[in-house]
Colleague: 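One structure follows; several queries about it will come next.
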2 protein chains.
Amino acid sequence: MSSDHSSSIGYQIPVVAADFKVACSSCNLRELCLPVTMSEPDVDRLDALVALRKNVKRGQALFRAGEPFMALYAVRTGFFKTRVAGSDGRDQVTGFQMAGELLGLDGISSDTHACDAVALEDSQVCVIPFDRMEEMAREFPGLQREFHKIMSREIVRENGVMLLLGGMRAEERLAAFLLNLTKRLHARGFSSSSFVLRMKREEIGSYLGLKLETVSRVFSRFQDEGLLEVQQREIKILDQDALQRLVNAAPC
Amino acid sequence: MSSDHSSSIGYQIPVVAADFKVACSSCNLRELCLPVTMSEPDVDRLDALVALRKNVKRGQALFRAGEPFMALYAVRTGFFKTRVAGSDGRDQVTGFQMAGELLGLDGISSDTHACDAVALEDSQVCVIPFDRMEEMAREFPGLQREFHKIMSREIVRENGVMLLLGGMRAEERLAAFLLNLTKRLHARGFSSSSFVLRMKREEIGSYLGLKLETVSRVFSRFQDEGLLEVQQREIKILDQDALQRLVNAAPC
DNA sequence: CGTTTGCTTGACAGCATTCAACGTTGGTGG
DNA sequence: CCACCAACGTTGAATGCTGTCAAGCAAACG
């Protein structure tokens, strides 16, 4: 949209014009992001790794399935969803990413992105050219190890989602989802009992293998039972233990 | 069992006694396994990476969730399933692995295995000490890149399973499962139209988020419709295109 | 202030699960 | 060799959870 406009006034504003030169060494997300285990002097060297930052407006795609894979992206601010498209138009939300989390790992396997990454609110990411990442991983064992851990963590996370999708009932799925959110928000210094959902019911439902009406109904049921308060996207967790018990509970 | 016996006759046969010293350079799975993209001389160096082979009898676990993570395992012969355990005893099969595929990637994230790997038939794996793998990956960009692709491929595979578990109906799930099997068997030089399932109905069901009765029913329905012949675990695909159409078909 | 988008709630239908019985296979021992 | 048992697979009938369809409401946006 903005590029349409710029071309109409006679010259093209390069994409990077809206982006920023930055440094890991001075980033407040260091403890959550790639450099988490790296020593001080090594992190300085990382500054050569993250070339620039990139803004993504709410609703825009950071990348789309089929596009060539060049870089990983670390979420700096904002919130993303990733989704894969089924052959018939169905799509499945495969994850939600917040500050400090990495996007684009799916692209490595075939040098082509396998999913879409869409910003759910105005966001900013650090662009990590993958070739350079691998070069530096060869030089810094700490970076190499951390990167492998991040990929493995993603595999383990998806294992957990498979468990959820494979056998849990609607209430258990939503409880697990909310507990996962609270945990990640807490790790980032936000309140884990009171927060605003960045995604709509339909996106939650897609992620959890439910229809949006079911998500809405379960929210209402949780509220009736006093487990939480819900008003549109505003959530207040009232009984975290009860949610935890739901996740642990046997199916029948 | 054999170690019980050996201790009863007065001395302990070390675990590695049943294992074998081996070389990637002379392995017939080179085109399917880790060294797939590596040049001839580099593969020779890989021989230092794969220390030994290990036999796993049908029903035995190669590793279990909670055990310390030390090595990756490349399936040489046989067939495995991986499963995660839900907190209440439910478990979810997260994958089936055949020759050339890697086991243990889940363990990297926390230095602890996150799932069980169980042999579905007498099997043999190559043991790849992970520390050494990382060392060599720093030395050989080709190995590094291939390893990253393998991890990414696992993430993409799980994305696909999420799509399947999240929105597909029983018939579509089983069709997708069978097509995936035929593809992998074909890549290994086996018939893709006639094969024997290595897993039971319950394990297929767990992987697909279905009960074993449903799996059985859908097999029967496919047979009635002339898509395949099924007799216990023996499968003969009669109409692969129809199965493909099922997977592509819209839900309604 | 009206329109659009997202959320909630109700009634009904459908697909998969549950429960149960029966059939088949393979191994063991009489 | 056959009987028996245990494990696995098949099939039927009934229940139930979630999906579907539809209407109404609330919030966001221009």
Colleague: With sequence neighbours left out, what residues match A:Gln92 under side-chain hydrogen bond (donor to acceptor under 3.5 Å, both in side chains)?
Modeller: none
Colleague: May I have the distance from A:Arg169 (atom CZ) to D:dG19 (atom P), rounded to whole angstrom?
Modeller: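 The distance from CZ of A:Arg169 to P of D:dG19 comes to 13 Å, rounded to the nearest Å.
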Colleague: A:Arg76: which residues meet the side-chain hydrogen bond (donor to acceptor under 3.5 Å, both in side chains) condition with it, sequence neighbours left out?
Modeller: A:Gln124
Colleague: In whole angstrom, give the distance that lies between atom CD of A:Glu234 and atom P of D:dA26.
Modeller: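 To the nearest whole Å, that distance equals 16 Å.
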Colleague: Measuring from atom CG of A:Leu164 to atom CE of B:Met162, what distance do you get when rounded to the nearest 0.5 angstrom?
Modeller: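 Taking CG in A:Leu164 and CE in B:Met162, the distance rounds to 9.0 Å.
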Colleague: Rounded to whole Å, how long is the line connecting atom CZ of B:Arg173 with atom C1' of C:dC15?
Modeller: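 Whole-Å distance recorded here is 11 Å.
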Colleague: Taking CZ in B:Arg233 as the centre, count heavy atoms belonging to other residues, nucleotides or ligands within less than 6.0 Å. Is the count above 12?
Modeller: yes
Colleague: Reading nucleotides 5-10 of chain C from the 5' end, what letters show protein touch, with B for base, S for backbone sugar-phosphate only, - for no heavy atom under 4.0 Å?
Modeller: -SSBBB
Colleague: Could you state the atom-to-atom distance from CZ of B:Arg198 to P of D:dC8 in whole Å?
Modeller: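 Atom-to-atom, B:Arg198 to D:dC8, this comes out as 16 Å.
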Colleague: Quick one: A:Leu208 CG to D:dC17 P, roughly how many Å, whole number?
Modeller: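 So the two atoms are 18 Å apart, to the nearest Å.
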Colleague: Using atom NZ of A:Lys211 as one end and atom P of D:dC21 as the other, report the distance to the nearest whole Å.
Modeller: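 The distance from NZ of A:Lys211 to P of D:dC21 comes to 10 Å, rounded to the nearest Å.
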Colleague: Could you state the atom-to-atom distance from CD of B:Glu203 to P of D:dA7 in whole Å?
Modeller: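 So the two atoms are 15 Å apart, to the nearest Å.
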Colleague: In this structure, how many angstroms lie between the C1' atom of D:dC8 and the CZ atom of B:Arg58, rounded?
Modeller: 11 Å
Colleague: Can you tell me if A:Glu202 has over 12 outside heavy atoms packed within less than 6.0 Å of its CD?
Modeller: no
Colleague: Which part of the nucleic acid does A:Gly209 contact within heavy-atom distance under 4.0 Å: base, sugar-phosphate only, or nothing?
Modeller: sugar-phosphate
Colleague: Assess the side chains of A:Thr77 and A:Ser123: does a donor N or O sit below 3.5 Å from an acceptor N or O?
Modeller: no
